[in-house]
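Report on the following structure.
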There are 2 protein chains.
Amino acid sequence: MDMDEPAKQRVVLAHSESTDEAQSLLELVELLFFAYRDFVGDPDRLLEDFGFGRAHHRVLHFVARNPGLTIANLLTILKITKQSLNPVLKELIGKGYIISRPGSDDRRQRHLFVSERGKSLAQDLMSLQTRRMARATSECGPESAMVARQFLAAMIEPSERAEALKIAAAQDRLR
Amino acid sequence: MDMDEPAKQRVVLAHSESTDEAQSLLELVELLFFAYRDFVGDPDRLLEDFGFGRAHHRVLHFVARNPGLTIANLLTILKITKQSLNPVLKELIGKGYIISRPGSDDRRQRHLFVSERGKSLAQDLMSLQTRRMARATSECGPESAMVARQFLAAMIEPSERAEALKIAAAQDRLR
DNA sequence: GAATTTATGTCAGTATTATTGACATATTTC
DNA sequence: GAAATATGTCAATAATACTGACATAAATTC
């Protein structure tokens, strides 16, 4: 590095903005990657025993949390196509984890519910993930969970945030 | 609810533990799902323009952040098999985003580096993700980022945590 | 009441990313 | 020289996603 070229150095600093700040953001990005990897790893192992995958987990989870959900609702939450959902949902219904009922109001719609079996599996999967959250909370202190909650919410796409918060705040019907 | 059956109520409470606590953990689980969905959504759109997928992103990212990484290192970080990595890495090398060099110490090993082109794409992808983190930080306050960092680290599998923190704390070589 | 729209279901073809198992090659270590 | 190690490769398979096309039933609109 040429010591007598201060202009060049200024350019470098301008490009990297505040280095500490940038480094902190980078760390958050990578820690989120690792945290999520382990967060989904727990349920993955249990799901294997049932011949299910992550896609089954997500469907079962949101149906358990939002009984009476329609197909269209579910597709919006999961952001997948009906063609992707179909085989997964069919399998969950076929194996008796989810129950589909035509709507009484609009009979074209299907309202989805978990069976006792589905409720039980959804609970087991959920408890693996809340356990991880509980451990992190106990390590970082109860206030940290509130901050983490706020921070995660702020990461959600603004246009989706209200909807996501509404779902997350759903009365817990799993117990 | 029968007001004169305190015993029953106690049983319910025992099963659900502290309801507020449980509800808070459930919310964290769901918010993490939505946050991560959007977190990976940004880069996905950019990657499409290059004919790359998420797998390419992860490889490019960790090579950019840890120049000289060996294949074995990379497999450990990503927790995938070499057969899964192979086509992705070959494509990144073939298109000139990553450079592979035999180790001078152990010539069986391959040391991976990003090219200028690879560095540039890695930067662009990273900035999409740090931007989201920056937005969340500005919404929740600078202290929140530190708490979020601690909380995410606590979510990582204890046996992996030291390694993950080491990687996340790597000097930023992207700029 | 006929025409259109909507909610769902289904088929076919394809892509990405992952797996296991088997085997090849080069290099290092014992 | 034999064994272990790091990487590369082939084949078969699976899970999860996509687009496009089309079918059906029910609701809505004209």
Side-chain angles (χ1 to χ4, degrees), chain A residues 33 36-37 40-41 43-63 68-95 98-113, chain B residues 33 36-37 40-41 43-63 68-95 98-113:
Chain A
F33 169 78
Y36 194 82
R37 183 191 62 180
V40 294
D44 278 358
R45 283 182 281 279
L46 177 58
L47 287 159
E48 247 180 57
D49 302 342
F50 293 82
F52 290 146
R54 260 177 226 182
H56 301 86
H57 182 191
R58 293 194 287 261
V59 170
L60 186 62
H61 174 95
F62 285 108
V63 171
L69 212 60
T70 64
I71 303 285
N73 291 158
L74 192 50
L75 293 176
T76 302
I77 291 173
L78 298 176
K79 281 195 185 161
I80 59 173
T81 61
K82 63 180 172 175
Q83 294 93 325
S84 300
L85 174 62
N86 195 290
V88 171
L89 181 57
K90 217 157 65 172
E91 212 176 343
L92 284 165
I93 292 171
K95 291 186 178 174
I98 284 184
I99 295 160
S100 169
R101 289 207 314 252
S104 54
D105 176 48
D106 183 336
R107 284 180 305 171
R108 290 171 304 180
Q109 293 184 332
R110 298 290 174 264
H111 292 278
L112 305 172
F113 303 86
Chain B
F33 169 77
Y36 194 82
R37 183 192 62 179
V40 294
D44 279 358
R45 284 182 282 279
L46 177 57
L47 287 159
E48 246 179 57
D49 302 341
F50 292 82
F52 291 146
R54 257 176 228 183
H56 301 87
H57 181 191
R58 292 195 287 262
V59 170
L60 186 62
H61 174 96
F62 285 108
V63 171
L69 210 63
T70 65
I71 303 285
N73 292 157
L74 191 50
L75 293 176
T76 302
I77 291 173
L78 298 177
K79 281 196 184 158
I80 59 173
T81 59
K82 64 178 172 177
Q83 294 94 324
S84 301
L85 174 62
N86 195 291
V88 171
L89 181 57
K90 217 158 64 173
E91 212 176 343
L92 284 165
I93 292 171
K95 292 186 177 173
I98 285 184
I99 295 159
S100 170
R101 290 209 313 252
S104 53
D105 175 48
D106 182 337
R107 285 181 305 174
R108 291 171 304 180
Q109 292 183 332
R110 298 288 176 265
H111 292 276
L112 305 173
F113 303 86

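All chains are named by letter (A, B, ...) in the order of the sequence lines, taking the proteins before the strands, and each is independently numbered beginning at 1. Keep in mind that what you see is a predicted model, and the values were worked out from it rather than measured.
With rounding to whole Å, A:Ile71 atom CD1 is found 9 Å from C:dG9 atom C1'. Atom CZ of A:Arg110 is separated from atom P of D:dT24 by 15 Å (rounded to the nearest Å). Taking atom CG on B:Leu74 and atom P on C:dA18, their separation rounds to 11 Å, with Å as the unit. Computed from coordinates, the A:Arg101 CZ to C:dA7 C1' distance equals 18 Å when rounded to whole Å. Between B:Lys90 atom NZ and D:dG8 atom P the separation is 9 Å, expressed in whole Å. The separation between B:His57 atom NE2 and C:dA18 atom P is 13 Å, rounded to whole Å. In this structure, the CG atom of B:Leu89 is 7 Å from the P atom of D:dG8, given to the nearest Å. The NE2 atom of A:His111 sits 12 Å away from the P atom of C:dA7 (whole-angstrom rounding).
Below the 3.5 angstrom threshold, one finds no donor paired with an acceptor across the side chain of A:Arg108 and the base of C:dT8.
Side chain of A:Arg58 to main chain of A:His56: no donor-acceptor pair is present (N/O by atom type, distance under 3.5 Å, no hydrogens or angles).
Contacts with DNA chain D (heavy atom under 4.0 Å) in residues 78-86 of chain A: A:Lys79, A:Ile80, A:Thr81, A:Gln83, A:Ser84, listed by number.
For the pair B:Arg54 and C:dA15, the criterion of a side-chain N or O lying under 4.0 Å from OP1 or OP2 is not met. Phosphate contact (OP1/OP2 of D:dA15, side-chain N/O of A:His56, threshold under 4.0 Å): absent. OP1 or OP2 of D:dA25 has not a single side-chain nitrogen or oxygen of A:Arg107 nearer than 4.0 Å. Distances shorter than 4.0 Å separate some side-chain N or O of B:Arg58 from OP1 or OP2 on C:dA18.
Listed nucleotides D:dT7, C:dT10, C:dT8 differ in distance to A:Thr70; the shortest reach to its side chain belongs to C:dT8.
Relative orientation of the A:Phe50 and A:Phe52 rings is parallel, given thresholds of 30° and 60° on the angle between their planes.
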